[in-house]
Amino acid sequence: MSNPTRAFATIDRGTATTAVALIGWAGGRHRLLGATAGPVGVPESALLERVRRRAMAADPSLLESIGLEHPGCAADLPRLECATTMPPELAVVAATERVVKPLAALAATAGWHVRPVVIEGSEILKVATSLADRHVDAILAGASDPPGADERNLIAELGTLVAATTERRPDLVTVLAGGLASPGARTEQLFRPDRPGPTVLAPSPLDDGGEPLRALLDGLRGGRDDARRAIAAATASLARVLRRRVEVLEIGQSGGSRTVAAWQPGVETAVRTALVPRAALLPKPFTEADLDAVIGWLPVALDRLRLQDRLREMATAPWADAAGDGAIVRLASVRAAAARLLEATPAFDAMPAPDLVLVTGGAWLAGPATAAVLALADVARRPGARAVGMDHARVLAPIGTIEDEDERARLLADLRDDMLVPLGTIVLAAGLRGARAAGQLTVHGTGGPLDVDLVPGGVDLVDVPPGEHATVELRFREVVDIGVRARHIALVVTGGLGGLVVDLRDAPLRLPDRLEPRRELLASWQGAVWPGFDQ
Amino acid sequence: MTGLGAVPGIADTMAWLDEVPLRRLVEAGLEMSVPLPPGDRPLVEPGTEVVPGDLLLEHVRDRRVAEVDVRTPDGDRPSAGSRWAPAPGRRRHADHPGDGELLAPVPGKSGRWRLVTGEHRAQTASSVGGIVVEVRLGAMIRLRVEGLAIRGAFAAGASARGRLELATDPFGDLRPGGIDVGRTGSILVVGARIDAEALTRARAMGVRGIVAASVAGKDLRDFQASERRQRAALHMPEPFGVLALDGALKRPIATPVAALLERLAGHEVALLVDPPALVFDAAGVDLPDVPPDWVRVRSGPNLGAEGRLRELVGLRRFAGGVHLEAARVDLDGEAPMDIPLADLERLG
């Protein structure tokens with residue numbers, strides 16, 4: 001920062017967690033002094049004091065130098081704050097299923113809980129009741145442009161029903177998209193001009209891959225200092241600082257987000273983001289399919305009804321029951337949530353692969369770092385090599401609230417080594433056949449060369465400590481997909497708490513349908529990376 | 001009652017206690033909402049003060065849509081949500097609609113609207129006193145509730161009012177055979193857990209509501225299915241609700257809550273579904289004192305156990321190799337043990 005504050009706090013107020021961090025100016029740069037988190041409801045001052053107390057015990061002279069030696073003083077520091085709120089609900093209505101589907105899919109990545117409503121084949125009373133429901137915060141009504149043959153005779157019905165809903169609720173935000181927003185449609189004339197709620201004419205979901213409409217819907221959610229939007233801003237700055245393509249996967253109680261920022265020399269960093277409420281750790285409503293998805297990732301046998309009750313309790317008290325098999329249940333839920341997040345954002349996979357994937361959100365911390373790396377490798381099955389890190393102090397979102405891009409980048413440049421915990425590097429090769437050895441891996445690290453046989457279907461862990469780099473040579477008997485198609489490839493990888501993870505399993509991952517062998521397989525992988533897994 | 005005596009030496013200067021999640025024993029100023037789908041007629045307006053038993057709305061049980069001509073001599077256009085009735089003196093035929101709520105214009109037919117109407121109507125009374133904050137046509141009525149509320153984790157059924165009775169101790173289960181017609185009109189506190197069979201029996205015996213520490217998900221779903229069948233019947237059943245104070249996993253009712261419920265026994269209370277809560281009139285009821293270091297295990301291996309906080313012990317390694325912030329707790333007189341902070345709750 002141009003005029004550095006001696007110390008300040010960052011506060012990330014989530015729907016389940018309050019995360020705080022103390023940042024001080026020492027040795028000519030900003031440093032992360034410490035961070036902690038607690039369940040929502042625990043006062044921020046108590047959490048800040050916990051961090052201050054521990055930092056004081058570790059380095060009293062540093063804290064004295066920045067004036068943080070007195071108990072309670074951290075609560076009065078200047079703050080960077082952001083917050084996550086429960087997603088509002090958007091009724092997405094169109095004449096036919098064909099039109100509703102893409103609109104709903106787009107809106108579901110803009111931070112809204114989506115309630116799809118189709119006119120065709122529905123009772124008018126049901127449609128009207130659904131649109132007027134007290135949980136609905138806004139309506140998105142759309143049509144093809146020009147309207148298709150299947151929807152033409154229903155367009156007038158659609159317009160009158162939406163307009164009638166706004167007569168009941170004049171303050172309701174209403175967005176007209178596609179054919180309803182075109183000048184010839186005159187749909188907006190059905191709405192009373194003097195009502196307090198706005199009627200917004202929006203771009204078509206087909207324009208620029210739907211990004212303008214998604215951005216508009218995201219903006220309509222409101223929420224100053226929204227943490228998920230701030231993560232997107234901070235990711236762009238981080239990509240610029242690191243000069244890398246950076247992807248951030250965030251899983252929280254109220255939703256998940258995926259942001260990709262691609263730095264390129266000489267041009268503005270391209271950023272794409274999606275905020276997906278269905279990617280919450282336990283989405284609402286939590287369906288039987290969602291339960292099946294969690295069970296599908298469990299490496300231990302748990303009674304279905306009992307598990308459902310435990311998840312219900314986890315939804316009301318997200319921090320509770322985190323030890324023992326509670327941690328295993330959480331990481332299974334993280335995998336299911338991350339899979340929903342990736343499934344909701346297929347367009348991101350068309351972008352260049354990231355060099356660094358950052359995970360953030362308390363759920364990733366349910367087990368050891370190596371377990372988080374494996375959880376990511378289980379669901380993100382894009383071939384290639386990528387470093388994995390964690391925003392352990394949860395400072396990325398608060399820093400994203402700094403409006404000035406340069407200032408944000410300067411702070412991130414100072415803090416990058418403190419705030420990002422290197423978890424390791426995942427090397428994922430696809431297209432391997434057969435059960436015999438597929439080749440050999442040689443790791444040239446500080447301890448000398450290390451050879452490992454490459455066996456299809458397995459996960460190998462190679463110890464590459466945090467802060468170290470190693471050159472990895474992969475020699476396959478056949479051509480494989482490792483981001484590029486090759487038989488012989490050499491990579492420089494960065495170490496981390498989980499080291500190097502060489503993943504030679506199928507892409508996408510194929511697991512047995514029967515639960516028992518499936519659990520055994522998952523347990524064999526998790527047992528290898530999770531000390532104390534079977535306690 | 002155990003574990004609630006004053007502790008000498010435990011002062012409110014223990015600021016570190018703030019790190020243990022706090023749950024409010026009671027809340028004031030609760031807001032509740034009552035569904036008001038299109039067709040239902042509100043009988044109150046914003047600002048109306050209601051007392052328990054006052055009528056809130058007229059509910060149409062057999063909602064259907066009819067087309068009506070709403071043209072008037074002066075050419076005024078009605079708005080959606082407004083009431084419509086046939087002109088007085090006009091003959092009514094069986095297939096002609098009665099009065100109802102205007103839903104939306106019929107596209108392409110000038111002056112014709114869709115009307116939500118029905119023959120079978122029931123009036124819904126308020127289970128609580130309070131002030132109407134908002135009437136959103138076609139959506140809901142929102143009330144600010146008078147009195148204090150014990151918040152629950154979830155509830156099902158319908159909001160109801162009755163005399164609070166304790167059917168078991170805080171640790172108990174209530175079996176179906178334990179409910180008879182002598183409990184008619186009451187809201188029963190049934191201890192740790194109740195199953196679907198006992199819930200349906202309680203409803204059949206005229207009980208108005210059940211309060212338990214926990215209701216398993218399966219029992220809740222079975223009860224909700226049964227409740228839907230009851231509501232679909234021709235005759236409206238009396239309102240009946242079930243309130244789970246803590247969650248789905250079995251544990252006893254927390255001692256301070258049980259102490260409060262003991263004091264409320266014999267009083268009229270209201271069981272709310274949205275939000276899940278038990279509302280009572282604070283007049284003449286002393287709230288139990290909860291020592292600041294009293295804690296309860298809200299999840300994990302010692303679920304439901306209560307004790308006293310000794311100190312925070314920082315990060316500790318727990319089963320599964322996970323590291324969590326912890327506190328040392330004297331649990332029900334046993335040797336002190338370290339428990340994750342997030343598995344504990346204070347009441348205050």
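For the pair R298(B) and E313(A), the minimum side-chain heavy-atom distance is below 4.5 Å. Contact check for R312(A) versus L220(B): side-chain heavy atoms found under the 4.5 Å cut-off. Within the 4.5 Å cutoff, no side-chain heavy atoms of D309(A) are placed close to those of K250(B). A 4.5 Å side-chain heavy-atom check between E19(B) and T36(A) finds every atom pair outside the cut-off. L137(B) is not listed as a side-chain neighbour of R169(A), based on a closest heavy-atom distance of 4.5 Å or more. Inter-residue side-chain proximity for R310(A) and L249(B) is flagged as met; some heavy-atom pair is nearer than 4.5 Å.
Interatomic distance, CZ of R50(A) versus CG of D18(B), reported as 11.0 Å (0.5 Å rounding). Note that NE2 of H135(A) and CE of M140(B) are 8.0 Å apart. Values are rounded to the nearest 0.5 Å. In this structure, L324(B) CG and L365(A) CG are separated by 10.5 Å, a value rounded to the nearest 0.5 Å.
Of the residues considered (G81(B), G247(B), P38(B), S33(B)), P38(B) shows the highest number of contacts with chain A, using heavy-atom pairs under 4.5 Å. With respect to chain A, the highest number of heavy-atom pairs below 4.5 Å among R23(B), R142(B), E325(B), H323(B) belongs to E325(B). The candidate from A216(B), A153(B), G314(B) with the greatest count of non-hydrogen atom pairs under 4.5 Å with chain A is A216(B). For the options S45(A), P39(A), P43(A), A327(A), heavy-atom pairs under 4.5 Å to chain B are most numerous at P43(A).
Contact annotation for E101(B): only side-chain heavy atoms (C-beta onward) come within less than 4.5 Å of a heavy atom of chain A. Using a 4.5 Å cut-off between heavy atoms, A163(A) does not touch chain B at all. E157(A) touches chain B through backbone and side chain together, each having a heavy atom under 4.5 Å away. In this structure, the portions of R63(B) lying under 4.5 Å from any heavy atom of chain A include both its backbone and its side chain.
Residues R134(A) and R136(B) share a closest heavy-atom pair of O-NH1, 3.5 Å. R54(A) and L315(B) get closest at one heavy-atom pair: NH2-N, 4.3 Å. Taking each heavy atom of P107(B) and T160(A) in turn, the nearest pair found is CG-OG1, 3.8 Å. Closest of all the heavy-atom pairs between R168(A) and A80(B) is CG-O, 4.1 Å. A104(B) approaches L161(A) most closely through the heavy-atom pair CB-CD2, 4.1 Å.
For E197(B), the CD atom counts as loosely surrounded, since its 6.0 Å shell holds 12 or fewer non-hydrogen atoms of other residues, nucleotides or ligands. In this structure, R306(A) places its CZ atom where only 12 or fewer heavy-atom neighbours from other residues, nucleotides or ligands lie under 6.0 Å away. Heavy atoms of other residues, nucleotides or ligands lying less than 6.0 angstrom from CZ of R221(B) number more than 12.
Taking 4.5 Å as the heavy-atom cut-off, the residues of residues 340-348 of chain B that approach chain A are L341(B), A342(B), D343(B), ordered by number.
Shown here are the salt bridge (charged side-chain N to carboxylate O under 4.0 Å, His left out) partners of R192(A), two or more places apart in sequence or in another chain: E167(A).
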